[in-house]
Amino acid sequence: LKMSWFWLYLPLHLLMATSLFHSIKAPTTSSQQSFKTDLSNFYHSLILADGKETTVHLLKDIPKRYYFVLEEGRVLAPFSITVTPCDVPIEWSILVYKSPPGFPGKETPGDRDTQEVSKSQKAASMVSTIFNYKGNSVETYMGMSSHSALYLLEFLSTERDTHITVYLTTDTTSGHLYPELPTDPRIDVIGVGHTTVTLTWKHSPSVLQHRESIQYCLLVNEKHNYKSLCAAETAIRSSGMKLPPTLALSLSPYLLEPQQVMILSTSELSIINKVSSGEVRQVCMGTKNTYTVPNLSPSTQYYFDVFIVNLLTNASAAYTGTFARTLEEPEPKVTELKDGKVIHVVLDGKKQKFYSLQYQARHKKIHFTFQLCRGQIRVHITRNGKTVASENLSGLRYLSLKGKLLDIYLVQLRSTEESNSSVKVQASPHFHKPLFPLLPESLKIKSFSKLRTCRSVTVAWLGTQEESKYCVYRKRIEEDQIWKELQSADRCSGPESRHKSEKVLCKYFYDLDLQRAVTTETIKGLEAGTFYLFDVYLFGPSGIPVRYHSKVVKTRKKC
């Protein structure tokens with residue numbers, strides 16, 4: 001009874017195959033048993049849709065089967081099957097089940113004995129493998145079929161769980177799901193620089209026919225080439241990222257992860273994925289077939305893949321990938337440091353390049369002084385090729401190093417932020433003649449809230465044990481300008497950059513007891529409810545000033 005219900009729900013094509021099997025009533029031989037086993041595969045198979053790309057998920061070592069039969073009434077029908085592995089290599093094959101001559105029909109009892117052996121032999125010949133492939137390339141099989149044949153596709157992954165796409169079509173005359181590749185699908189490298197690679201490729205015939213719905217997308221990475229776009233997207237996801245499957249195809253800037261950076265220009269969309277193995281860039285450039293890849297690292301090998309993408313169907317075809325190694329970065333220009341001479345270095349944060357200074361020691365002990373003027377800077381110092389110091393600079397920094405006569409010191413400076421940074425550098429063997437004044441424990445300016453009035457503000461700052469000159473400046477400022485003013489302040493600039501009207505006073509003071517080396521000043525003549533920026537400059541014996549950290553104070557609105 002259960003089998004009767006089973007037959008009711010079998011598809012028509014399966015019933016045909018089952019009838020074909022039961023029409024043969026031969027002794028059980030090994031060939032017939034094999035045929036019976038193969039035919040039973042249909043009972044656990046799915047119908048493969050015609051004219052539609054199907055995504056198939058495969059579990060490791062578990063085969064998955066699909067079958068199809070072409071429409072009735074056609075003696076010979078062309079068809080094609082395209083399989084795209086999206087990760088590891090897979091095995092797949094096509095089996096065909098053909099009906100025997102004279103089927104369907106009835107046999108007389110006398111015919112059975114004479115034809116029994118021949119039918120047994122024919123049973124095995126009705127099942128044949130017409131295509132077999134193992135690998136991770138995109139493969140297409142094209143063939144002709146009769147309406148009396150059934151086809152079984154079997155897929156197997158032996159490495160790990162994966163997924164593939166399968167496309168069956170019987171309409172081989174009008175249009176294609178996949179864009180068409182040129183007869184020569186290679187990518188040519190026509191230019192290589194330190195940070196750029198220029199590529200070109202031949203136009204796809206699909207671009208000439210459907211320019212509005214076709215575009216090129218380029219993939220750049222440091223690992224290897226990819227044979228399909230879905231293989232590339234799978235690799236990005238396996239690196240720990242959530243990449244929308246149609247992100248590069250639909251050009252939709254949604255669901256970007258923190259590791260992704262989107263760069264949109266007039267005609268290009270670039271998505272940079274930060275993964276553990278380096279950057280993976282996806283750049284879609286419309287129908288241009290020449291592109292210069294910017295912002296690469298010197299002396300690095302990159303792999304380039306170009307995909308022609310149909311924006312209406314999200315189907316794609318891959319050009320033959322290529323690779324290129326960027327040129328080695330030229331030796332950076334080295335500036336010589338001379339005893340006691342101050343060098344002002346401005347660093348471009350966007351290029352992230354090192355600025356190199358060289359100093360040859362004429363004494364065993366050397367003193368380096370760094371005054372950070374703007375931004376954030378990292379310093380790296382080597383002596384005869386060996387690292388002796390490496391740190392981020394903050395404010396004013398002294399480094400004393402001991403070595404041998406004629407040691408070669410190389411000082412490398414680099415901005416650690418995208419905006420420009422600057423620093424003043426001095427090397428000298430004479431620490432008793434410092435370029436900068438003796439500094440207090442803190443360069444902060446303190447204001448006293450309780451002493452604020454509508455017309456005055458009281459501020460205080462620390463001094464040193466050395467008598468020095470201190471000058472106070474004030475500047476009226478709007479509330480929405482405070483952050484910008486504090487961020488853009490040049491901590492190396494002196495009072496010469498200030499307007500004369502901003503100067504409040506200059507005074508000398510010191511105290512041998514550091515606990516008492518504090519001074520206060522009440523600045524009068526201010527306006528009520530107004531923000532003011534206060535600066536203090538400290539001058540040492542050399543006359544070069546050190547600027548305290550700026551302080552913003554608001555006078556009381558009502559008194």
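This chain uses plain numbering: 1 for the first residue, then up along the sequence.
Shown are Leu95, Leu48, Val56; of these, the side chain to side chain contact (heavy atoms under 4.5 Å, CB included) with Leu153 is made only by Leu48.
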Worked check of side-chain contact (heavy atoms from CB on, under 4.5 Å) between Thr198 and Tyr291 | CA-CA 6 Å; Thr198 302; Tyr291 185 76; over 6 Å; no
When you look at Val83 and Phe155, which way does the side-chain contact (heavy atoms from CB on, under 4.5 Å) test go after all the steps?
-> CA-CA 10 Å; Val83 176; Phe155 307 101; 3.9 Å; yes
Between Ile381 and Ser390, is a side-chain contact (heavy atoms from CB on, under 4.5 Å) present by the stated rule, with each step listed?
-> CA-CA 6 Å; Ile381 303 176; Ser390 185; over 6 Å; no
Stepwise, does the side-chain hydrogen bond (donor to acceptor under 3.5 Å, both in side chains) test hold for His194 with Thr326?
-> CA-CA 5 Å; His194 302 292; Thr326 51; over 6 Å; no
Step by step, would you call Leu296 with Thr196 a side-chain contact (heavy atoms from CB on, under 4.5 Å)?
-> CA-CA 6 Å; Leu296 301 176; Thr196 61; 5.7 Å; no
Test log, rule salt bridge (charged side-chain N to carboxylate O under 4.0 Å, His left out), inputs Asp305 and Lys227 | CA-CA 8 Å; Asp305 293 290; Lys227 297 182 179 181; over 6 Å; no
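Here the straight-line distance linking atom OG1 of Thr300 with atom CD of Glu328 works out to 10.0 Å at 0.5 Å rounding. Atom CZ of residue Arg374 and atom CD of residue Glu417 lie 10.5 Å apart, to the nearest 0.5 angstrom. Separation of atoms OG1 (Thr82) and CE (Met142) is listed at 8.5 Å; rounding is to 0.5 Å. Of the inter-residue distances, the one linking Thr416 atom OG1 with Leu393 atom CG reads 9.0 Å to the nearest 0.5 angstrom. To the nearest 0.5 angstrom, Leu312 atom CG is 5.0 Å from Asn310 atom CG. A distance of 3.5 Å separates OG1 in Thr170 from CG in Asp50, rounded to the nearest 0.5 Å.
Proximity of Arg491 to Leu372: side-chain heavy atoms (C-beta onward) are separated by under 4.5 Å at one or more points. Considering only heavy atoms from C-beta on, Asn295 comes within 4.5 Å of Arg281 through its side chain. Here the side chains of Val207 and Ile308 are in contact, with some heavy-atom distance below 4.5 Å. The closest side-chain heavy-atom distance from Pro298 to Thr195 is below 4.5 Å. Two residues are said to be in side-chain contact when any heavy atoms from C-beta on lie closer than 4.5 Å; Tyr303 and Val220 fail this criterion. Counting heavy atoms from C-beta outward, Thr54 and Thr165 have side chains that stay 4.5 Å or more apart. The closest side-chain heavy-atom distance from Tyr151 to Ile130 is below 4.5 Å. Two residues are said to be in side-chain contact when any heavy atoms from C-beta on lie closer than 4.5 Å; Leu218 and Leu199 meet this criterion.
Thr234 places no side-chain N or O within donor-acceptor distance of the main-chain N or O of Ala232, the cut-off being under 3.5 Å. At least one donor-acceptor pair closer than 3.5 Å links the side chain of Arg325 to the backbone N or O of Ser299. Side-chain N or O atoms of Tyr302 include one that pairs as donor or acceptor with a backbone N or O of Ser297 at under 3.5 Å. Side-chain atoms of Asn221 come within 3.5 Å of backbone N or O of Lys223 as a donor-acceptor pair. Between the Thr200 side chain and the Asn289 main chain, a donor and an acceptor come within less than 3.5 Å of each other. Asn225 contributes no side-chain N or O that, together with a main-chain N or O of Thr320, makes up a donor-acceptor pair within less than 3.5 Å. Side chain of Ser204 to backbone of Glu180: a donor-acceptor contact under 3.5 angstrom is found. A donor-acceptor contact shorter than 3.5 Å links the side chain of Tyr319 to the backbone of Lys202.
Between Tyr409 and Phe368, the ring center distance clears the sub-6.0 Å criterion. Aromatic pair Tyr133/Tyr141: centroids not less than 6.0 angstrom apart. His203 has its ring centre less than 6.0 Å from the ring centre of Tyr216.
The minimum heavy-atom distance linking Thr292 with Pro294 is given by the pair O-CD, 3.3 Å. Annotation for Ala315 and Pro179: closest pair O-CD, 3.7 Å, computed over non-hydrogen atoms. What you find for Leu229 and Phe307 is that their closest heavy atoms are N-CE2, 3.3 Å. When every heavy atom of Ser206 is checked against every heavy atom of Ile214, the shortest pair comes out as O-CG1, 3.8 Å. Considering all non-hydrogen atoms of both residues, Ser93 and Asn132 come closest at CB-ND2, 3.6 Å. Closest non-hydrogen pair, Gly135 versus Pro85, comes out as O-CG, 3.9 Å.
The environment of CZ in Phe323 is sparse: at most 12 heavy-atom neighbours from other residues, nucleotides or ligands sit within 6.0 Å. Remark: Glu479 CD is loosely packed, at most 12 non-hydrogen atoms of other residues, nucleotides or ligands lying under 6.0 Å away.
For the residue pair Ser137 and Glu139, no side-chain donor N or O sits within less than 3.5 Å of a side-chain acceptor on the partner. Judged purely by distance below 3.5 Å, without hydrogens or angles, the side chains of His380 and Thr387 pair a donor atom with an acceptor atom. Residues Glu154 and Tyr66 have side chains that never bring a donor and an acceptor to within less than 3.5 angstrom of each other. No side-chain donor from either of Thr322 and Arg186 sits under 3.5 Å from a side-chain acceptor of the other.
Under a 4.0 Å N-O distance rule, the pair Asp161/Lys60 does not qualify as a salt bridge.
In this structure, Arg414 is positioned above the aromatic face of Phe354, its NZ or CZ under 6.0 Å from the six-membered ring centre and within 45° of the axis.
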